[in-house]
Each structure stands twice: as C-alpha cells, then as structure tokens.
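Computed over heavy atoms, backbone and side chain alike; hydrogens, waters and symmetry mates excluded. For reference, positions follow the sequence shown, starting with 1.
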Amino acid sequence: MSTSITCKKAVDYISKKEEGLLTAGMRFQLWRHLMICSLCRIFSTQNKIIIKAFNKEPETPKRLNPEEKGQMIRAAFESDH
C-alpha cells in the first residue's frame with residue numbers, strides 16, 4: 001500500500017472519516033497527506049465546521065447523505081475559482 005495520496009483522494013478520505021468509514025491504512029495515508037498539504041488541512045477543518053453547524057439545526061436530518069455531501073464539496077471547490 002502506498003503512503004502517498006492525491007488531494008482528490010484526501011478529500012474523499014476526509015468525508016469518509018466523518019462517516020467512520022476509514023480503515024487504519026486509510027487513516028494513516030490521510031494523516032501523512034495532511035502533514036504536508038495545508039489546503040487539505042483547511043478543507044478538513046472547514047468540513048468539520050460545516051458538519052457541526054449542520055448537526056445543530058433541529059429541523060434538518062442529523063447526517064448528510066452522500067449526494068448532499070458531494071454537492072457541498074463541489075460547491076466549496078467551485079467557490080474558490
């Protein structure tokens with residue numbers, strides 16, 4: 001297993017981490033990537049904030065479905081360009 005992952009893969013892992021779907025190997029790969037990539041660290045922090053804020057809304061579901069999460073991720077990347 002390679003210990004180097006792309007930013008695209010890191011974003012996928014960050015989302016899976018919030019859902020508790022990462023294996024130990026994936027967590028290690030993500031950790032290594034986050035040590036060297038400041039943009040993915042920022043994304044990870046922002047993702048946590050979004051999920052925390054979303055979960056505070058009483059009239060909304062507790063968890064994002066994968067499609068909603070994907071839309072939020074795409075919107076975040078599109079707004080930077």
Side-chain angles (χ1 to χ4, degrees):
M1 177 189 316
S2 172
T3 58
S4 178
I5 59 173
T6 64
C7 290
K8 185 175 181 176
K9 182 67 90 172
V11 167
D12 182 48
Y13 283 6
I14 289 165
S15 296
K16 287 181 179 179
K17 181 180 177 189
E18 295 298 326
E19 298 168 9
L21 300 175
L22 286 185
T23 65
M26 293 165 125
R27 283 193 308 272
F28 178 72
Q29 288 178 320
L30 178 59
W31 174 80
R32 280 194 49 137
H33 184 85
L34 293 176
M35 291 296 107
I36 60 171
C37 184
S38 62
L39 293 176
C40 287
R41 280 195 307 272
I42 291 167
F43 175 80
S44 180
T45 300
Q46 290 175 342
N47 191 51
K48 288 176 188 173
I49 292 168
I50 289 168
I51 290 171
K52 188 175 183 179
F54 183 81
N55 287 334
K56 285 185 177 182
E57 294 294 323
E59 61 274 355
T60 58
K62 287 291 183 189
R63 298 203 79 134
L64 293 173
N65 69 43
E67 183 179 328
E68 292 168 326
K69 197 169 223 181
Q71 289 172 348
M72 290 176 73
I73 291 168
R74 284 189 295 280
F77 278 110
E78 290 171 1
S79 68
D80 289 340
H81 301 290

Side chain to side chain contact (heavy atoms under 4.5 Å, CB included) against Cys37, all qualifying residues, sequence neighbours excluded: Cys7, His33, Leu39, Cys40

Point-to-point distance, once rounded to the nearest 0.5 Å, from CH2 of Trp31 to CD1 of Ile36: 11.0 Å

Non-neighbouring partners of Asp12 that pass side chain to side chain donor-acceptor pair (under 3.5 Å), sequence neighbours left out: Lys16

Verdict with reasoning, Gln71 to Glu67, per side chain to side chain contact (heavy atoms under 4.5 Å, CB included): CA-CA 6 Å; Gln71 289 172 348; Glu67 183 179 328; 3.5 Å; yes

Intermediate values then yes/no, side chain to side chain contact (heavy atoms under 4.5 Å, CB included), Lys17 and Arg27: CA-CA 8 Å; Lys17 181 180 177 189; Arg27 283 193 308 272; 5.7 Å; no

Shortest non-hydrogen contact from Ser15 toward Ile73: OG-CD1, 3.0 Å

Side chain to side chain contact (heavy atoms under 4.5 Å, CB included) evaluation trace for Lys69 with Ile51: CA-CA 9 Å; Lys69 197 169 223 181; Ile51 290 171; 3.8 Å; yes

Reported CD1-to-CG distance for the pair Ile42 and Leu34, which is rounded to 0.5 angstrom: 11.0 Å

Residue pair Tyr13 / Leu22: nearest heavy atoms and the distance that separates them: O-CD1, 3.6 Å

Asn47 versus Glu18, closest heavy-atom pair with distance: ND2-CG, 3.4 Å

Contacts of type side chain to side chain contact (heavy atoms under 4.5 Å, CB included), residue Thr6, not counting sequence neighbours: Lys8, Lys9

